[in-house]
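Everything on this sheet refers to the single structure shown next.
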Amino acid sequence: MRVAIVRLMHEFSMDVYANGIISGLRTVRPDWEILDLKPQSIDRKSRSLSLRIKKYYERFWRFPQQVTQQTADIFHIIDPSEGHISYWLKNQNKNVVVTCHDLINFYYKDNLKTSVELPFISRAMWLYAIKGMKKADSVVAVSSLTAKDTTKILDIQPALISVIPNAVDQNFQQFPQEKIEYFRQKQGIDSETLCLLNVGSNHPRKNITNILKAINILKEKRLSFHLWKVGKDFSDEQKAYIQAQGLEDYISYFGKPDKEALLDIYNAADILIAPSLHEGFGMTLLEAMACGTPVITSNVSAMPEVVEDAGLLVDPTNSQEIANAVLTLHKDSTYYQKLVDKGLARVKSFTWEKTAEEIAQIYEKIVNR
């Protein structure tokens, strides 16, 4: 079988997914030919009008044309934001699969305001793109929550949707204690300091404000702790809160580290705090658990589905509850180790080979029907 994996413009999390699917397929179906199709990368942050026009031209005209010129048994579009390519492919009676990671922009209409120059146009194009999933032969949803959203929002029948979770790269694993201690020492974090970690953007749904409020509660209890922020920097409003509450000495921003550095950070942290209000899946939860780092996450959205009983679930709107969860893990070493062990066991079921095998079976059903 000849399979075309259709990517979107360079984006870290989607590159992880595409790379995982490709490597998994090459393992479970070594005789298949895999085409890796990528659009030209254009700077999304540029304020240049000509570059923005070029980006839309690339996404909605040149790249779809390039994709339709390929010959393949299956075209797998790896993100719904490129679902508009389904229109082009189905006009030529091609077999199409689309992976839906989330439909968060539907619920958070202001989600694009901090990431694009023209949010009104971007939202209109996003809606046009995701409706392309209605043309697909099959939709892969990364969680049951996302599957339900896909049916609710787009009226795609559940029979056409398969829930196939994301996976975690094998490089995410526990490091020797000596390596962890060395990294912490370089950051000025001693063994007595509880190191907390948050990985991701600063969008409102990431709930950074309530994390900071919980941090302030921990400060008032005179707990020896430090928060590492990885990914998008704090917003101006969040920075103002940090300064107003005198939290500067309790927080470090690590930027966007490469994979090797990210592995060090996950391992060196004591707890991942990820109480998002909404997630289509929650890759950081798997990554942390694979590194032996317990997670505190939300009791809503897709997070309980991902961690089950291997994480500590809290009400994300309650900063006191988030702080109490940190204190519980800090004080109860037996419970802490229990979550470490459960997390390590839990992630064993999330492999790219398993994900690719389930996706390969969908391809085969479409081609053989």
Side-chain angles (χ1 to χ4, degrees), residues 11-14 16-17 79-81 98-112 114-115 126 130 133 139-154 156 158 161-168 196-214 229-232 271-290 293-326 339 342-343 346-347 349-350 355:
E11 185 177 308
F12 179 76
S13 61
M14 290 302 99
V16 169
Y17 182 79
D79 187 75
S81 63
V98 181
T99 293
C100 186
H101 299 272
D102 62 65
L103 294 172
I104 287 170
N105 290 343
F106 181 84
Y107 294 103
Y108 293 85
K109 294 180 171 58
D110 292 338
N111 207 37
L112 292 169
T114 59
S115 58
W126 178 79
I130 66 167
M133 284 194 287
V139 172
V140 172
V142 298
S143 66
S144 296
L145 175 86
T146 297
K148 290 175 183 176
D149 281 349
T150 305
T151 296
K152 177 182 176 182
I153 295 169
L154 298 176
I156 296 175
I161 305 171
S162 299
V163 178
I164 303 177
N166 289 323
V168 62
L196 310 175
L197 173 65
N198 177 263
V199 179
S201 72
N202 62 9
H203 287 153
R205 68 181 179 85
K206 292 296 186 178
N207 205 24
I208 303 299
T209 298
N210 273 326
I211 293 176
L212 293 176
K213 289 180 180 179
K229 176 74 172 74
V230 172
K232 186 74 172 178
I271 302 170
L272 176 77
I273 302 184
S276 296
L277 301 173
H278 193 122
E279 293 284 354
F281 185 79
M283 282 292 291
T284 61
L285 305 177
L286 290 186
E287 292 169 351
M289 291 191 295
T293 302
V295 302
I296 295 172
T297 191
S298 302
N299 59 7
V300 298
S301 195
M303 284 70 82
E305 186 179 337
V306 175
V307 303
E308 291 190 343
D309 66 345
L312 187 49
L313 303 179
V314 297
D315 175 359
T317 65
N318 190 328
S319 55
Q320 182 66 60
E321 193 170 326
I322 297 170
N324 289 343
V326 173
L339 282 190
K342 282 190 172 184
R346 175 74 178 149
V347 296
S349 62
F350 295 90
T355 297

Original post:
Under the side-chain contact (heavy atoms from CB on, under 4.5 Å) test, which residues partner V295, sequence neighbours left out?
Top reply: L272, L285, A288, M289, V307
**OP:** Check side-chain hydrogen bond (donor to acceptor under 3.5 Å, both in side chains) between S144 and all other residues, then give those that pass, not counting sequence neighbours.
**Re:** E305
Subject >> Residue list, side-chain contact (heavy atoms from CB on, under 4.5 Å) with N207, at least two apart or on another chain >> reply: N210, P275, L277, P316, I322
**OP:** Search all heavy atoms of G311 against all heavy atoms of L339 and return the closest pair with its distance.
**Re:** N-CD2, 4.1 Å
**OP:** Using side-chain contact (heavy atoms from CB on, under 4.5 Å) as the criterion, list what pairs up with D79, not counting sequence neighbours.
**Re:** L8, M14, S81, H101
Original post:
Which is it for V326 and L196 under the side-chain contact (heavy atoms from CB on, under 4.5 Å) test, yes or no, and what are the steps along the way?
Top reply: CA-CA 9 Å; V326 173; L196 310 175; 4.0 Å; yes
Original post:
Are V306 and F281 close enough, and set up right, to give a side-chain contact (heavy atoms from CB on, under 4.5 Å), and what steps lead you there?
Top reply: CA-CA 7 Å; V306 175; F281 185 79; 3.8 Å; yes
Subject >> Interatomic spacing from NZ in K229 to CD1 in I208 - rounded to 0.5 Å >> reply: 5.0 Å
Subject >> Residue pair Y17 / N166, side-chain heavy-atom distance below 4.5 Å >> reply: yes
Subject >> Euclidean distance, I164 CD1 relative to T99 OG1, rounded to 0.5 Å >> reply: 7.5 Å
**OP:** Decide yes or no for V98 and V140: does some side-chain heavy atom of the first lie under 4.5 Å from some side-chain heavy atom of the second?
**Re:** no
Subject >> Minimum heavy-atom distance A325-L312, with the two atoms named >> reply: CB-CD2, 3.5 Å
Original post:
Between I211 and K206, what is the shortest heavy-atom contact and its length?
Top reply: CD1-O, 4.2 Å
**OP:** Could I get the full list of side-chain hydrogen bond (donor to acceptor under 3.5 Å, both in side chains) partners for T151, not counting sequence neighbours?
**Re:** none
Original post:
Can you name the salt bridge (Lys or Arg N to Asp or Glu O under 4.0 Å) partners of K213, sequence neighbours left out?
Top reply: none
**OP:** Sequence neighbours left out, what passes side-chain contact (heavy atoms from CB on, under 4.5 Å) with E321? Give chain and number order.
**Re:** V314, D315, N318
Original post:
Donor-acceptor pair, N198 side chain versus I273 backbone, under 3.5 Å?
Top reply: yes
**OP:** Show the numbers, then the answer: is there a side-chain contact (heavy atoms from CB on, under 4.5 Å) between H278 and L145?
**Re:** CA-CA 10 Å; H278 193 122; L145 175 86; 4.1 Å; yes
**OP:** Measure across V168 and A290 and return the closest heavy-atom pair with its distance rounded to 0.1 Å.
**Re:** CG2-CB, 4.3 Å
Original post:
Going by the salt bridge (charged side-chain N to carboxylate O under 4.0 Å, His left out) test, which pairs reach into residues 145-154, not counting sequence neighbours?
Top reply: none
Subject >> Rounded distance [0.5 Å steps], OG1 in T297 versus CG in L313 >> reply: 7.0 Å
**OP:** State, with a plain yes or no, whether a side-chain heavy atom of Y107 is found less than 4.5 Å away from one of I153.
**Re:** yes
Original post:
Which residues pass the side-chain hydrogen bond (donor to acceptor under 3.5 Å, both in side chains) test with S276, sequence neighbours left out?
Top reply: E279
**OP:** Search all heavy atoms of M133 against all heavy atoms of L154 and return the closest pair with its distance.
**Re:** CE-CD1, 3.3 Å
Original post:
Closest approach of C100 and T150, non-hydrogen atoms and distance?
Top reply: SG-OG1, 3.7 Å
Original post:
Please walk me through it: do S13 and M283 pass side-chain contact (heavy atoms from CB on, under 4.5 Å)?
Top reply: CA-CA 9 Å; S13 61; M283 282 292 291; over 6 Å; no
Subject >> Pairing residues for S301 by the side-chain hydrogen bond (donor to acceptor under 3.5 Å, both in side chains) criterion, not counting sequence neighbours >> reply: none
